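Everything numeric here is computed off the predicted structure, so don't read it as measured data.
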Amino acid sequence: MKDWQQLINQINDFRDARGWRQYHNPKDLALSLSIEAAELLEDFQWLSSEDAVTKNIDNIRDEIADVMIYALMMCDELELDVQEIIQDKIQKNGKKYPEQS
């Protein structure tokens with residue numbers, strides 16, 4: 001999908017302009033992805049889902065963006081097609097979890 005690649009290119013341009021490429025290997029990207037997901041989880045800690053969203057929506061947006069950025073960078077680093085791997089996973093999930101009738 002062209003839009004995914006444009007977004008990845010924008011992320012990479014940002015990274016490269018700051019000299020961060022050296023830190024973006026698969027292991028460190030996976031670590032960073034996990035850390036950002038944990039930061040997203042903190043927005044919900046000790047709150048109901050509704051209260052967390054009401055109280056923390058701006059930070060939730062930022063943390064989701066961070067998670068997505070690291071996931072896209074990891075796909076790029078591993079030369080994975082984002083759309084393809086998502087579609088493959090949906091198919092696997094469809095077989096694992098059949099529709100309820």
Side-chain angles (χ1 to χ4, degrees):
M1 176 185 252
K2 194 174 193 178
D3 292 333
W4 285 116
Q5 193 55 55
Q6 288 175 345
L7 189 56
I8 290 168
N9 291 342
Q10 186 178 359
I11 293 165
N12 287 343
D13 288 347
F14 182 91
R15 173 202 65 200
D16 294 345
R18 286 149 182 83
W20 295 344
R21 175 68 184 90
Q22 62 186 324
Y23 307 112
H24 291 173
N25 58 72
K27 177 195 70 91
D28 289 330
L29 290 170
L31 287 168
S32 296
L33 179 58
S34 179
I35 291 165
E36 294 301 338
E39 289 179 7
L40 173 60
L41 191 55
E42 280 184 315
D43 285 323
F44 293 89
Q45 188 175 23
W46 314 122
L47 299 171
S48 70
S49 183
E50 296 80 15
D51 288 344
V53 170
T54 300
K55 188 175 183 180
N56 299 319
I57 190 64
D58 290 335
N59 199 61
I60 289 168
R61 288 170 44 101
D62 287 345
E63 298 305 337
I64 291 171
D66 287 340
V67 167
M68 295 294 296
I69 287 168
Y70 281 117
L72 291 171
M73 291 175 76
M74 189 166 215
C75 286
D76 187 57
E77 179 67 22
L78 297 173
E79 297 180 2
L80 301 174
D81 181 288
V82 176
Q83 186 171 349
E84 180 182 314
I85 66 172
I86 291 172
Q87 289 172 336
D88 287 350
K89 184 60 177 178
I90 291 169
Q91 285 183 333
K92 286 178 186 177
N93 285 346
K95 292 176 184 171
K96 187 174 181 179
Y97 307 105
E99 292 182 17
Q100 297 180 356
S101 41

*Is Val82 reachable from Leu80 through a run of hydrophobic residues whose side-chain heavy atoms are each under 4.5 Å from the next?*
yes
*To the nearest 0.5 Å, what is the distance between CD1 (Ile90) and CD1 (Ile85)?*
11.0 Å
*Within one Ile-Leu-Val-Met-Phe-Trp-Tyr cluster: Phe14 and Ile8, side-chain cutoff 4.5 Å*: no
*With the side chain counted from C-beta on, respond yes when Asn56 and Phe44 share a heavy-atom pair under 4.5 Å apart, and no when they do not.*
no
*Work out which heavy atom in Leu47 is nearest to a heavy atom in Asp51; give both atom names and the distance.*
CB-CB, 4.3 Å
Please set out all donor-acceptor pairs under 3.5 angstrom arising from side-chain atoms of residues 62-79, sequence neighbours excluded.
from: Asp76; atom 1: OD2; to: Asn12; atom 2: ND2; distance (Å): 2.9
from: Glu77; atom 1: OE1; to: Arg21; atom 2: NH1; distance (Å): 3.3
from: Glu77; atom 1: OE1; to: Arg21; atom 2: NH2; distance (Å): 2.6

*Measure the CD1-CD distance between Ile86 and Gln83 for me, rounded to the nearest 0.5 Å.*
8.0 Å
_Contact check, side chains of Asp28 and His24, non-hydrogen atoms, under 4.5 Å_ = no
*Could you tell me the separation between the NZ atom of Lys89 and the CG atom of Asn93, rounded to the nearest 0.5 Å?*
4.5 Å
*Same cluster for Tyr23 and Ile11 if Ile/Leu/Val/Met/Phe/Trp/Tyr side chains link at under 4.5 Å?*
no
_Is the shortest side-chain heavy-atom distance between Leu41 and Gln45 below 4.5 Å?_
no
